[in-house]
Amino acid sequence: MADRGQEIEDDPGHPAALRARAAARSRLVNRISVVLLLLAAMGAIWWTNVWLTDRFSENTRVRAELRSALYTGNLLSELQRTAVVPLLLARDPALIGALSSKDYATVSARLIAAQKEIGAASIRLLDNSGRTVGATDRKLLGSNYVSAPFYVEALRTNDTVFTVSPGPAGGFDFTYSRAVMRDGRAVGVIVVGADLSRLERSWAGISDAVVVTDSSGQIILSTEPRWRGHGLQDALAVRSAPTAIERAFQVTADWSNRPVDAYVGGKAVMETETRIPFRGWRMTLFTTFDSVRERVNTFLALEIMGFAILMAAGFYILSRRASVQSARYRRESADLRALNNRLTREIAERERMQRELRVAEQTVQQASKLAALGEMSAGVSHELNQPLAAMKTYLAGSRLLLERGRGDEALTSFQRIDDLLDRMGTITRQLKSYARKGGEAFEPVDLRVALSGALTMMEPQLRNRRVRLQRSLPREPVMVFCDRIRLEQVIINLIRNAMDATKQIRDPSIELVVDKLSHAHLSVRDNGPGVEDLEQLFEPFWTTKSPGEGTGLGLAISSGIVADFGGRLTAHNRDSGGAVFDVELPLFEPARHGARPLAAE
């Protein structure tokens with residue numbers, strides 16, 4: 001067979017060699033044809049995109065210019081309509097008589113009626129001292145505008161004066177004012193506000209962004225409120241910094257557009273400027289390329305579909321030729337079937353291994369669940385020991401009080417026992433946070449109040465031990481955002497650990513310090529022997545106590561609770577002896593947490 005193959009290769013005129021060379025030439029021609037077709041398609045799509053983008057962009061710019069002309073006409077119409085109002089009201093005999101007689105009882109009602117008929121934003125009547133004696137907004141009655149430009153300028157001339165001044169709620173106020181004359185002297189000033197904010201709202205519903213600048217280049221009207229009062233270039237620079245994903249989308253969206261004039265809201269826009277024949281004002285429209293891209297993409301999709309159909313037809317022809325050639329290679333099917341059988345066996349073996357892997361994973365998950373269940377049950381036992389010990393102490397005290405006939409004091413102990421029962425129910429619910437994230441009962445809590453509640457809980461144990469307890473608390477509240485019950489559990493655990501650490505100390509002392517800097521801090525300090533292994537201190541089930549005295553879960557649970565609150569629990573030894581446990585929590589911020597601070601108790 002080897003000799004036969006070598007003979008075919010050495011004989012260029014052999015039919016098999018000729019067929020092999022013809023097949024190679026055919027494959028080369030097919031590949032070149034496909035490459036040329038792809039290059040032609042890419043070139044055609046690129047040229048079509050450029051031509052259509054230029055054409056549709058020009059159409060969009062023309063429509064923007066038409067909208068700008070319409071907006072300019074509406075603006076001028078509103079200004080001209082409002083400019084006539086001061087002239088009419090300045091000649092109103094009723095207003096002139098009111099200013100002369102200083103009887104302003106019906107002035108505001110008359111101005112409100114005029115406002116409804118005219119549609120002005122506001123109307124004010126000022127006397128010759130600048131005091132507001134009549135207004136459509138009765139809250140302005142009595143306000144003095146003696147130094148306001150619209151008052152000063154109106155008294156200097158006999159014509160209607162137009163002024164632009166910053167508004168009290170942001171933006172600008174546009175007013176026409178005119179002096180009210182009687183017998184050749186000014187007795188007051190009529191001030192009429194133009195309602196241009198209505199035009200802003202109508203522009204915002206149609207165009208992407210519209211601004212009007214005065215002769216100095218300052219923006220006085222804009223569909224973007226934060227632009228008002230800035231120059232145009234400064235306003236365009238006021239935009240949020242885009243993320244990496246937004247920048248990537250922006251680059252892919254702008255690659256085929258015409259040169260971008262500016263960016264508004266992270267989108268490329270074209271800028272259209274129109275001169276307003278009024279005090280040197282100019283109107284600028286910013287229009288996105290979205291409509292351009294939609295129309296261009298529609299044509300490109302049709303063109304791409306045509307090339308796809310053409311390529312599909314070519315591939316169909318090539319596949320027909322390949323099917324004819326495939327008849328020559330049927331002898332290789334036996335090897336392919338053998339290979340297929342081998343692959344089938346390998347796939348079956350792989351599926352069997354995957355099933356075994358899934359069973360092993362389920363076993364590990366079940367073991368993990370059982371371990372978590374054991375930790376939770378041990379935690380519940382540990383946390384309920386404290387209320388039970390307190391209840392036992394209260395019951396013993398109540399028995400003595402009843403024997404001595406002090407029933408009222410015994411009732412107080414019974415009420416505390418009832419509170420402890422409620423607390424035990426709350427603990428069993430809250431301890432679930434050790435295996436799951438908490439946060440269902442977060443509220444603003446004063447750290448001082450939480451410390452007081454924890455000390456009340458520990459009152460029976462503190463009475464049985466002679467421990468010198470020192471507290472250092474600030475006068476003002478130290479508000480944190482957390483679950484009050486769980487925060488008290490943390491404090492109780494730390495105080496109890498401090499009491500256990502000072503059992504063998506001759507003069508035991510525990511110091512509780514609360515302060516507030518950038519965070520809220522609570523320090524529990526004792527004068528015990530300190531902690532030997534600080535690295536394993538917060539590990540579950542690690543404890544230095546004797547068997548039966550502790551489970552080793554108190555500090556682990558406390559650390560998890562503080563972490564849920566966004567803080568941290570740390571420990572270190574004092575140079576003078578003893579251990580210090582520090583709880584650091586973020587301060588409560590109403591704006592960030594979306595809640596109102598509670599009143600100080």
Side-chain angles (χ1 to χ4, degrees), residues 378-379 381-390 392-393 427 431 434 447-448 450-474 478 486-515 519-563 565 567-585:
S381 174
H382 174 81
E383 297 299 335
L384 292 182
N385 280 337
Q386 298 170 358
L388 288 174
K392 183 176 180 180
T393 302
I427 289 173
L431 279 178
Y434 187 65
L447 188 56
R448 304 176 307 165
L451 177 59
S452 177
L455 290 176
T456 302
M457 179 69 178
M458 294 293 296
E459 183 179 352
Q461 289 87 339
L462 293 172
R463 287 179 178 177
N464 295 333
R465 289 277 311 278
R466 292 186 177 179
V467 180
R468 184 159 52 91
L469 189 64
Q470 300 178 2
R471 285 186 289 179
S472 177
L473 307 178
V478 182
R486 297 170 65 193
L487 178 58
E488 291 181 3
Q489 274 315 115
V490 172
I491 300 174
I492 289 172
N493 284 339
L494 297 180
I495 296 175
R496 183 167 183 176
N497 285 340
M499 293 178 62
D500 293 341
T502 57
K503 280 184 177 180
Q504 307 301 327
I505 303 302
R506 185 173 183 179
D507 186 14
S509 174
I510 298 176
E511 185 179 358
L512 305 175
V513 180
V514 176
D515 59 0
H519 288 71
H521 294 271
L522 168 65
S523 295
V524 180
R525 309 168 184 174
D526 61 66
N527 60 346
V531 181
E532 296 180 358
D533 194 346
L534 291 172
E535 294 182 357
Q536 297 184 359
L537 185 60
F538 298 105
E539 293 293 331
F541 300 107
W542 186 88
T543 179
T544 59
K545 299 177 182 178
S546 303
E549 294 184 359
T551 61
L553 285 174
L555 290 177
I557 294 175
S558 299
S559 179
I561 292 174
V562 174
F565 296 162
R568 61 176 183 173
L569 173 61
T570 59
H572 63 275
N573 292 322
R574 304 171 66 179
D575 295 337
S576 59
V580 179
F581 288 84
D582 290 323
V583 178
E584 180 180 318
L585 295 172

**Request:** Please report the shortest heavy-atom distance between G528 and D526, naming the atom on each side.
**Result:** N-OD1, 2.9 Å
**Prompt:** T502 side chain to A498 main-chain N or O, any donor-acceptor pair under 3.5 Å?
**Reply:** yes
**Asked** With sequence neighbours excluded, what pairs up with R574 under the side chain to side chain contact (heavy atoms under 4.5 Å, CB included) test?
**Response** E511, R525, S576, V580
**Message:** With a 3.5 Å distance limit and no angle check, can you tell me whether R568 reaches the backbone of A563 through a side-chain donor-acceptor pair?
**Reply:** no
**Message:** Which residue is it: I561, I491, L522? I am looking for the one with a side chain to side chain contact (heavy atoms under 4.5 Å, CB included) to V583.
**Reply:** L522
**Asked** What's the spacing between S558 OG and L494 CG if we round to 0.5 Å?
**Response** 5.5 Å
**Prompt:** Should L447 and L487 be marked as a side-chain contact (heavy atoms from CB on, under 4.5 Å) after you check the CA-CA gap, both sets of side-chain angles, and the distance that decides it?
**Reply:** CA-CA 9 Å; L447 188 56; L487 178 58; 3.9 Å; yes
**Message:** How close do P529 and A501 get, counting heavy atoms only, and between which atoms?
**Reply:** CD-O, 3.2 Å
**Request:** Without swapping roles, check the side chain of N527 against the backbone of D507 for a donor-acceptor pair under 3.5 Å.
**Result:** yes
**Fill in**
Residues E488 and A450: closest non-hydrogen pair is CG-O, 3.6 Å
**Message:** Within this structure, what is the CG-OG distance for the pair D515 and S472, rounded to the nearest 0.5 Å?
**Reply:** 8.0 Å
**Request:** Name all residues meeting the side chain to side chain contact (heavy atoms under 4.5 Å, CB included) criterion together with S559; count only those two or more places apart in sequence or in a different chain, and write none if there are none.
**Result:** F538, L569
**Message:** Using every non-hydrogen atom in the two residues, find where L585 and G567 come nearest and quote the distance to one decimal.
**Reply:** CD2-CA, 4.2 Å
**Request:** Look at atom CD of Q504 and say whether more than 12 heavy atoms of other residues, nucleotides or ligands are closer to it than 6.0 Å.
**Result:** no
**Prompt:** NE2 of H521 to CD of E584: how many Å apart, nearest 0.5 Å?
**Reply:** 4.5 Å
**Asked** Does the side chain of M499 reach to within under 4.5 Å of the side chain of I495, using non-hydrogen atoms?
**Response** yes
**Prompt:** Do D582 and S523 have a side chain donor and acceptor closer than 3.5 Å?
**Reply:** yes
**Asked** From I492 CD1 over to L455 CG, what is the distance, rounded to the nearest 0.5 angstrom?
**Response** 9.0 Å
